[in-house]
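To start, the structure itself, in structure tokens.
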2 protein chains.
Amino acid sequence: MTFQLYKIIFANERLFCYIMSRKEEILEQAALLISEKGYEATTIRDIAESVGIEPSSVYSHFDSKEDILWEIALSCANQFIEGITSIVESDLTTRSKLTAMIIAHVEILTRNLNAAAIFLNEWRHFSEPRRSDFAHLRDIYEAKFRAVIAQGIEQNALREVDEKFGALTILSALNWTYQWYKPSGEMKPKEIGEKLAELLLNGLVKPF
Amino acid sequence: MTFQLYKIIFANERLFCYIMSRKEEILEQAALLISEKGYEATTIRDIAESVGIEPSSVYSHFDSKEDILWEIALSCANQFIEGITSIVESDLTTRSKLTAMIIAHVEILTRNLNAAAIFLNEWRHFSEPRRSDFAHLRDIYEAKFRAVIAQGIEQNALREVDEKFGALTILSALNWTYQWYKPSGEMKPKEIGEKLAELLLNGLVKPF
DNA sequence: GTCTATAACAAGATAGAC
DNA sequence: GTCTATCTTGTTATAGAC
């Protein structure tokens, strides 16, 4: 396989020199274009052009357009699930667990903003059985939030809300961040996560 | 203009016999298809077929595919804005105002589920100047939430949250309902709105 | 207002040379 | 692995008969 020096990434004030394969380049450009214009509006020609190759060359790396979408969404799903698993299994208090899970979610989402937009919005373009497989992955993730909420209610730390409804409301609030988050904005992901956790856990109303 | 008897709608246990014009039929079917498959994936042929006319006949009612999208999204935006204006201008307490606004939002969203999905997700397919006009409409709506939150903080009824952040979080939680709401489900829109308002206003954590 | 027919073009995908 | 060239299909939109 041929590699090419593609980009230099600054992260956490350390310099990484990352060698990106052609396949990864295609995935990154596809994620950018699909998140901006949507799956159907993004053509193989668009993707090829932004990478700097001919459309037919894309088919040396992927068998179909849907395969590209699948790899982006699956990688994102795995990052979300892996990102909170150790927190869920820790022995933190419910409150700390939920806060850490919310921060982790926002950090993963903002770090993979394009892929996350696809994870959240473009799954309907999967044909079966991928569509079902994907729904299953999302449910595994949501179930981890439900379990922590149920545990919190049992331990008398949370109010007696419906855990399914609670998990959905939390994830709803978190997932919308991709609609307005800008890497250049004032708030850093961790800060956004902290503020969201604070608001969702304590509510908007002033206690007596 | 020719009208045709199209459908019988049961609502609030009263029977309405509604005469729907061809144009309204096209709008309804387009909203259904676009909300399911997305704007680009929905073709004029799909829409025409589901209405039972030829593709070219659609162009007797609309000048372009984008015009159809625009009418659906604009009508939805106006419903949202009109739905909360009288509440915002009332002299209810902040808490009651926000609860009423949240319930109204969920009711409008669930009553126009397909149009709302388009309002929330398909606006990127507008070309300028529509895209900017649409963003302006959404901001007018969000500003009403921000204003109520700011008023609530001033009156010491709400905790001192960033009003922009608070409004975004509320609307995020509300807007995701279109992803999981089913008219056949157990919870009615008003109940969903009440539970969401309760959760967002009081928070998940048990007070001391 | 709806139809048939078609223009004008862009899409995903493949074949075969290098 | 990438290219040029091309196939097949599907797209929006229009012209003109009824």
Side-chain angles (χ1 to χ4, degrees), chain A residues 1-6 19-73 118 122-128 130-131, chain B residues 1-6 19-34 36-73 118 122 124-128 130-131:
Chain A
M1 196 188 290
T2 313
F3 290 93
Q4 77 173 66
L5 186 58
Y6 180 64
I19 312 269
M20 191 176 265
S21 71
R22 226 339 103 80
K23 187 171 175 177
E24 287 175 299
E25 270 191 279
I26 293 170
L27 285 172
E28 182 171 279
Q29 290 302 316
L32 173 65
L33 291 169
I34 294 171
S35 69
E36 275 175 356
K37 309 196 291 177
Y39 176 70
E40 293 280 343
T42 304
T43 68
I44 295 285
R45 289 171 163 89
D46 292 336
I47 297 168
E49 192 187 2
S50 75
V51 172
I53 57 177
E54 292 303 309
S56 57
S57 301
V58 173
Y59 288 94
S60 299
H61 302 278
F62 300 93
D63 285 339
S64 72
K65 191 182 165 187
E66 197 185 305
D67 283 6
I68 299 175
L69 189 71
W70 180 247
E71 238 178 87
I72 294 166
I118 290 163
E122 307 295 336
W123 52 267
R124 25 173 159 226
H125 296 110
F126 289 130
S127 51
E128 294 293 353
R130 276 177 173 158
R131 200 168 158 150
Chain B
M1 196 189 290
T2 313
F3 289 93
Q4 77 172 66
L5 187 58
Y6 182 64
I19 313 269
M20 191 176 265
S21 71
R22 241 315 118 79
K23 187 169 174 179
E24 286 175 301
E25 271 190 277
I26 293 169
L27 285 172
E28 182 171 281
Q29 290 302 316
L32 173 65
L33 291 168
I34 294 170
E36 276 175 355
K37 308 196 293 178
Y39 176 71
E40 292 281 343
T42 303
T43 68
I44 295 285
R45 283 166 211 218
D46 293 335
I47 297 167
E49 192 188 2
S50 75
V51 172
I53 57 176
E54 293 302 310
S56 55
S57 300
V58 172
Y59 289 95
S60 298
H61 301 279
F62 300 93
D63 285 340
S64 72
K65 191 182 165 187
E66 197 184 305
D67 282 7
I68 299 175
L69 189 71
W70 180 247
E71 237 176 87
I72 293 167
I118 290 162
E122 308 295 337
R124 24 171 162 225
H125 297 109
F126 288 128
S127 51
E128 294 293 354
R130 277 179 173 157
R131 199 167 159 152

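Scored by the side-chain hydrogen bond (donor to acceptor under 3.5 Å, both in side chains) test, A:Ser35 finds A:Asn114 as partners (sequence neighbours excluded). Taking B:His125 as the reference, B:Tyr39 meet the ring-ring contact (aromatic ring centres under 6.0 Å, His included) condition, with sequence neighbours excluded. Contacts of B:Tyr59 classified as ring-ring contact (aromatic ring centres under 6.0 Å, His included), with partners at least two apart in sequence or in another chain: none. With sequence neighbours left out, the ring-ring contact (aromatic ring centres under 6.0 Å, His included) criterion links B:Phe126 to B:Trp70, B:Phe134. For the salt bridge (charged side-chain N to carboxylate O under 4.0 Å, His left out) test, residues two or more places apart in sequence or in another chain that qualify with A:Glu71 are A:Lys23.
When rounded to the nearest whole Å, the span between CD of A:Glu49 and P of C:dG12 equals 13 Å. Atom NZ in B:Lys37 sits about 13 Å away from atom C1' in D:dT11, given to the nearest Å. Distance B:Glu54 CD to C:dC3 P: 5 Å, rounded to the nearest Å. A straight line from CD1 of B:Ile44 to P of C:dT2 spans 14 Å, rounded to a whole angstrom. Going from atom CG of A:Asp46 over to atom P of C:dG12 covers 8 Å, rounded to whole Å. Rounded to a whole Å, the CD1 atom of A:Ile47 is 10 Å from the P atom of C:dA13. Counting to the nearest Å, the C1' atom of C:dG12 and the CD1 atom of A:Ile34 are 14 Å from each other.
Against DNA chain D, the stretch residues 58-68 of chain A makes heavy-atom approaches under 4.0 Å through A:Ser60, A:His61.
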Next item on the list: Start with the C-alpha distance between B:Ser50 and B:Leu33, add both sets of side-chain angles, then the distance that settles side-chain contact (heavy atoms from CB on, under 4.5 Å), and finish with yes or no.
Entry: CA-CA 9 Å; B:Ser50 75; B:Leu33 291 168; 3.7 Å; yes
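Sorted by first then second residue, the salt bridge (Lys or Arg N to Asp or Glu O under 4.0 Å) pairs that include residues 36-53 of chain B, not counting sequence neighbours, are B:Lys37-B:Asp46. Within the structure, every pair that satisfies the salt bridge (Lys or Arg N to Asp or Glu O under 4.0 Å) test and touches residues 57-70 of chain A, not counting sequence neighbours, is listed here: A:Glu66-A:Arg130, A:Asp67-A:Arg130.
When side chains are defined from C-beta on, A:Ile47 does not count as touching A:Thr43, because their heavy atoms never get closer than 4.5 Å. Using a 4.5 Å heavy-atom cutoff, the side chains of B:Val51 and B:Val58 are not in contact. Residues B:Ile68 and B:His61 form no side-chain contact, since every pair of their non-hydrogen atoms from C-beta on lies 4.5 Å or further apart.
Terminal axes of the helix from C:dG1-D:dC18 to C:dC18-D:dG1 (five pairs each, C1' rotation axis) are separated by 0°, to the nearest 10°.
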With 3.5 Å as the limit, what N/O pairs link the protein to nucleotides 5-10 of chain D?
none

